[in-house]
Protein chains: 2
Amino acid sequence: MRFSHQRQKVREIVYKTNSHPTADWVFTEAKKSIPNISLGTVYRNLKQLEKSGYIKTIYDGNIARYDWKTEPHNHLKCKNCGDLIDIVFLDESIHPKIKKDFKFNVDKVEMFIIGTCKKHAKHS
Amino acid sequence: MRFSHQRQKVREIVYKTNSHPTADWVFTEAKKSIPNISLGTVYRNLKQLEKSGYIKTIYDGNIARYDWKTEPHNHLKCKNCGDLIDIVFLDESIHPKIKKDFKFNVDKVEMFIIGTCKKHAKHS
DNA sequence: ATAATAATAGGAATGATTACTATTTATTTT
DNA sequence: AAAATAAATAGTAATCATTCCTATTATTAT
Ligand SMILES: [Mn+2]
Ligand SMILES: [Mn+2]
Ligand SMILES: [Zn+2]
Ligand SMILES: [Zn+2]
């Protein structure tokens, strides 16, 4: 894998935020320093970076978002503002149970915990 | 909500399968008895049925699938054949913990357990 | 049956993502 | 260093799922 200017920038943008950005947001950011970068290049690089293990893809409803944090973790999703908040919640204990009950071999668990984040709490 | 022929059929199709079908599959099935039904009608009715609480929408990667089973449950997703298998796994115990740690109010937990289903087991 | 209104078919529009291609950029070979 | 090889790019067209639009039709209430 070559390290083009564009690829470095896409990677850097994803690595610099905790917002789990969309391809379009990465595109907008990238244009600030590479004005004629194309959206296709952003998508191609996001995919390549995922394949090489640099980033992960998260499907939020029907749109893809990207995450620099590749270790297993889950997300709180605020239905009010759409924010995704990282949460580490490892419970490998379900794996053997699922294996036994369903003869299903577990690779990973993807969990979205949906609710309302603290930004919207009404203070009394 | 009126009960058009089309709406009844869409509902019936979703209720008759455990395959968590896509809109397109429902459309194909519906055409068998209502040849000139339109895809827009299928989508409109799936949405309406969800709003009325008859069915649920599941996002599988970036495509929507529909589920007649509206009680909270989760899914095993086979990365080999794409099947979604229902699994009841309720652990409300995480709710208070998340509330405390993140001041995040949990509505529901959406979990995809990804792995390989028994259809692909190599028998020795 | 009439009037009021909800739903439909069919097609256009949208939004996200991928595919295509001629050109540019980087790496390897002479 | 020049030529050959390979990878990546910009720009654009195409695809796919989904939603929107509108004139017409079906359902329901009076
Ligand atoms: Mn994350
Ligand atoms: Mn289900
Ligand atoms: Zn929020
Ligand atoms: Zn399978």
Side-chain angles (χ1 to χ4, degrees), chain A residues 1-14 17 19-67 77 79 82 84 110 112, chain B residues 1-14 17 19-67 77 79 82 84 110 112:
Chain A
M1 181 171 75
R2 290 184 185 170
F3 249 75
S4 67
H5 186 194
Q6 292 87 339
R7 183 159 298 162
Q8 279 177 259
K9 176 55 70 180
V10 167
R11 179 183 173 288
E12 177 194 320
I13 289 168
V14 176
T17 182
S19 68
H20 305 89
T22 63
D24 215 64
W25 188 87
V26 174
F27 180 50
T28 302
E29 286 300 300
K31 274 191 291 196
K32 290 177 182 171
S33 48
I34 311 173
N36 68 334
I37 193 173
S38 80
L39 182 55
T41 295
V42 170
Y43 273 106
R44 186 170 3 87
N45 282 322
L46 288 168
K47 188 155 282 195
Q48 176 63 50
L49 288 167
E50 163 157 61
K51 202 165 71 171
S52 313
Y54 286 98
I55 64 174
K56 265 193 347 186
T57 303
I58 298 167
Y59 285 97
D60 177 12
N62 52 3
I63 102 150
R65 299 173 64 163
Y66 301 90
D67 197 338
K77 173 172 179 169
K79 67 179 180 187
L84 289 188
E110 278 178 11
F112 264 54
Chain B
M1 180 169 77
R2 290 187 184 170
F3 249 74
S4 68
H5 187 194
Q6 291 88 338
R7 182 158 299 160
Q8 279 176 259
K9 177 56 70 180
V10 167
R11 180 184 171 288
E12 176 194 321
I13 289 168
V14 176
T17 183
S19 69
H20 305 89
T22 62
D24 214 62
W25 189 89
V26 173
F27 179 50
T28 302
E29 286 300 301
K31 274 191 290 195
K32 291 177 183 171
S33 48
I34 311 175
N36 68 334
I37 192 173
S38 79
L39 183 56
T41 294
V42 170
Y43 273 107
R44 187 168 4 87
N45 281 322
L46 288 167
K47 189 155 283 193
Q48 176 63 48
L49 289 166
E50 163 156 61
K51 203 165 70 171
S52 314
Y54 286 99
I55 64 174
K56 265 194 346 186
T57 303
I58 298 166
Y59 284 96
D60 178 13
N62 51 4
I63 103 149
R65 298 173 65 162
Y66 301 89
D67 196 339
K77 173 172 179 171
K79 66 180 181 189
L84 290 188
E110 278 178 12
F112 265 59

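A, B, ... follow the sequence lines: proteins, then strands. Residue 1 opens every chain.
Taking every side-chain heavy atom of B:Asn36 into account, C:dG10 is the closest of D:dT9, C:dG10, C:dA16. Picking from D:dT18, D:dT9, C:dA7 the nucleotide with the shortest atom distance to the side chain of B:Ala64 gives D:dT18. Between D:dA17, C:dG10, D:dT27, one nucleotide has an atom nearer to the side chain of B:Arg2 than all others, and that is D:dT27.
The distance from atom CZ of A:Arg7 to atom P of C:dT24 is 20 Å, rounded to the nearest whole Å. Regarding B:His5, its NE2 atom lies at a distance of 17 Å from the C1' atom of C:dA6, rounded to whole Å. Following rounding to the nearest Å, A:Asp60 (CG) and C:dA16 (P) show an atom-to-atom distance of 12 Å. Distance B:Phe3 CZ to C:dA6 C1': 14 Å, rounded to the nearest Å. Separating the CZ atom of B:Phe27 from the P atom of D:dT19 is a distance of 15 Å, rounded to the nearest angstrom. Following rounding to the nearest Å, B:Asn62 (CG) and C:dT17 (P) show an atom-to-atom distance of 7 Å. Between A:Tyr59 atom OH and D:dC16 atom P the separation is 16 Å, expressed in whole Å. Rounded to whole angstrom, the span from the CD1 atom of B:Ile63 across to the C1' atom of D:dT15 amounts to 14 Å.
The backbone N or O of B:Lys56 sits nowhere less than 3.5 Å from a side-chain atom of B:Glu50 that would complete a donor-acceptor pair.
Listed pair A:Ser4 / D:dT9 meets the phosphate criterion, a side-chain N or O lying under 4.0 Å from OP1 or OP2. Checking the phosphate oxygens (OP1, OP2) of D:dT18, a side-chain nitrogen or oxygen of B:Tyr43 falls inside 4.0 Å. Of the side-chain N and O atoms in B:Gln6, one or more sit less than 4.0 angstrom from OP1 or OP2 of C:dA9. Note on B:Thr41: a side-chain N or O is less than 4.0 Å away from OP1 or OP2 of C:dA9.
Using a 4.0 Å heavy-atom distance criterion, B:Leu39 is classed as a base contact.
Residues B:Met1 and B:Thr22 each lie close to DNA chain D; by heavy-atom proximity, the contact nearer the 5' end of the strand is made by B:Thr22.
When all heavy atoms of A:Leu46 and A:Ile55 are compared, the closest pair comes out as O-CD1, 3.6 Å. Between A:Gly82 and A:Arg65, the shortest heavy-atom distance links the atoms O-NH1, 3.3 Å. Minimum interatomic distance between A:Ser52 and A:Met1 (heavy atoms only, all atoms of both residues): OG-SD, 3.7 Å.
Taking a 4.0 Å limit (strictly below) on heavy-atom distances, residues 44-54 of chain A reaches DNA chain D at A:Arg44, A:Asn45.
When only modelled atom types and interatomic distance are considered, A:Gln6 and A:Thr41 share no side-chain donor-acceptor pair under 3.5 Å.
The pair B:Glu12-B:Lys9 counts as a salt bridge, with a side-chain nitrogen and a carboxylate oxygen less than 4.0 angstrom apart.
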Under 3.5 Å donor-acceptor pairs involving side-chain atoms of residues 21-30 of chain B, not counting sequence neighbours:
unit_1: B:Thr22; atom_1: OG1; unit_2: B:Trp25; atom_2: N; d: 3.2
unit_1: B:Thr28; atom_1: OG1; unit_2: B:Asp24; atom_2: O; d: 3.0
unit_1: B:Glu29; atom_1: OE2; unit_2: B:Lys32; atom_2: NZ; d: 2.9

